[in-house]
There are 2 protein chains.
Amino acid sequence: MRVISKSGEYGLRALLHMASNQDNERFFNIREMSDELDISFHFLTKILQVLTQKGILQSYRGPNGGVGFLKSAEEITLAELVRALEGDDFFDKCLLGLPGCGERQPCPMHAYWMGIRNNLKDEFETTSLADLGKNTRLQHLRLIA
Amino acid sequence: MRVISKSGEYGLRALLHMASNQDNERFFNIREMSDELDISFHFLTKILQVLTQKGILQSYRGPNGGVGFLKSAEEITLAELVRALEGDDFFDKCLLGLPGCGERQPCPMHAYWMGIRNNLKDEFETTSLADLGKNTRLQHLRLIA
DNA sequence: ATATTTGCAGACAAAATACTCTTAATTCTT
DNA sequence: AAGAATTAAGAGTATTTTGTCTGCAAATAT
């Protein structure tokens, strides 16, 4: 079940890394992160750029530059992040890929799938990056292979 | 949420189409299906070939040839079909794509994601193609755009 | 038998995704 | 003011996925 794309995985990992740090206000050097997480620097840069454009991160250039949370990690839900990384329709897509699938013109999987999908959405909507980050730190969970 | 690939979508749609037919024993002409479902003939052929190789379908060549269920649609679970289409590890993959993620070396999302994943697996495991097909037929649900 | 219809198999092409490289813009340091 | 460090932006490359084409193999019909 590849729920998210490779760039989605990378973005999520990077932000979990940031959120697992004690200091939530801190700016993170992208090069350091790409080294630690073993993700291509330029590729990660691009992914984080998107998150900056979408108002989840802020960035500064120059020496000691980097990226940091714009909102606090408590206010960023997993759902919001995933939507930013994978597209706004992430939680609305038809399992069979049929355009315009919905209550009016449901596919055979629609009702069934909507239940599962909404469940996931609720879960992701009520989970903050801070939660996941704190857990990561306290339990020393790994973000690398 | 792109849970399944394009070829997975096509395979699922084709088999739902077959399962929604009254006659479960029938053989279906691939060309007719590709026309009705608006899927590339050769591409669909390839997808169904895989299902034939995996023992879900059987096929016959020649005039009036086609593909039909090997087991009855009652015995084919959605989980089995999706595994055949998307790979056996479909319900086991790490959300962050980390190899070897598991109880011993969990990623930050592991426990969380495992819950959601297993839920989906249970749902898919207890849903048969026949169920979905019957529903499709009785409610005239659409399998095309 | 021969021709026709169908699925099988593999090569090829196009599109999407993943990744790399180069240059520009910004910030800091001295 | 000059230079170094860092992110932004965009072009370019590689890999994977998706889709097409051509010929072969099997079954049927005549």
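Below, chain A is the first sequence line, B the second, and so on; all start at residue 1. Every heavy atom of this structure was used, including side-chain atoms; hydrogens, water molecules and symmetry mates were not. Keep in mind the model is a prediction, meaning the values are calculated, not measured.
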* side-chain contact (heavy atoms from CB on, under 4.5 Å) against Lys134(A), all qualifying residues, sequence neighbours excluded -> Arg137(A), Leu138(A)
Distances under 3.5 Å between protein N/O atoms and the N/O atoms of nucleotides 2-5 of chain D, please, pair by pair.
none

* Partner set under salt bridge (charged side-chain N to carboxylate O under 4.0 Å, His left out) for Glu86(A), not counting sequence neighbours -> none
* Structure fact -> Within residues 36-47 of chain A, the residues having a heavy atom closer than 4.0 Å to DNA chain D are Phe41(A), Lys46(A)
* To do: With sequence neighbours excluded, tell me which residues meet salt bridge (charged side-chain N to carboxylate O under 4.0 Å, His left out) with Lys46(A).
  => none
* Asked: Starting at CG of Leu48(A) and ending at C1' of dT7(D), how long is that distance when rounded to a whole Å?
  -> 10 Å
* **Whole-Å gap separating P (dT18(D)) and CG (Leu85(B))** => 12 Å
* To do: For the pair Arg13(B) (side chain) and Leu143(B) (backbone), establish whether a donor and an acceptor sit closer than 3.5 Å, ignoring hydrogens and angles.
  => yes
* **ring pair (Phe, Tyr, Trp, His ring centres under 6.0 Å) partners of Phe41(B), counting only residues at least two apart** => none
* Mutual orientation of the aromatic rings belonging to Trp113(A) and Phe124(B) [parallel < 30°, tilted 30-60°, perpendicular > 60°] -> tilted
* To do: Looking only at non-hydrogen atoms, find the nearest pair between Cys107(A) and Cys94(A) and report the distance.
  => SG-SG, 3.7 Å
* To do: Name the nucleic acid region contacted by Tyr10(A), choosing base, sugar-phosphate or nothing; use a 4.0 angstrom heavy-atom cut-off, strictly under.
  => sugar-phosphate
* Non-neighbouring partners of Glu123(A) that pass salt bridge (charged side-chain N to carboxylate O under 4.0 Å, His left out), sequence neighbours left out -> none
* **Counterpart residues, salt bridge (charged side-chain N to carboxylate O under 4.0 Å, His left out), relative to Arg83(A) (two or more places apart)** => Glu125(A)
* Distance-only polar pair, side chains of His110(A) and Glu103(A), donor-acceptor under 3.5 Å -> yes
* To do: Tell me which residues in residues 49-60 of chain A put a heavy atom below 4.0 Å from DNA chain D, sorted by number, or none.
  => Gln49(A), Gln53(A), Ser59(A), Tyr60(A)
* **Qualifying residues under side-chain hydrogen bond (donor to acceptor under 3.5 Å, both in side chains), relative to Gln49(B), sequence neighbours excluded** => none
For residues 18-28 of chain A, which side-chain N or O atoms pair as donor and acceptor with protein atoms under 3.5 Å away, sequence neighbours left out?
from: Ser20(A); atom 1: OG; to: Leu16(A); atom 2: O; distance (Å): 3.4
from: Ser20(A); atom 1: OG; to: His17(A); atom 2: O; distance (Å): 2.8
from: Asn21(A); atom 1: OD1; to: Asp23(A); atom 2: N; distance (Å): 2.9
from: Asp23(A); atom 1: OD1; to: Glu25(A); atom 2: N; distance (Å): 2.9
from: Asp23(A); atom 1: OD1; to: Arg26(A); atom 2: N; distance (Å): 3.4

* Span of DNA chain C in contact with chain A (heavy atoms, under 4.0 Å) -> dA18(C) to dT29(C)
* When you measure from the side chain of Arg142(B) to the backbone N and O of Ala145(B), does any donor-acceptor pair fall under 3.5 Å? -> yes
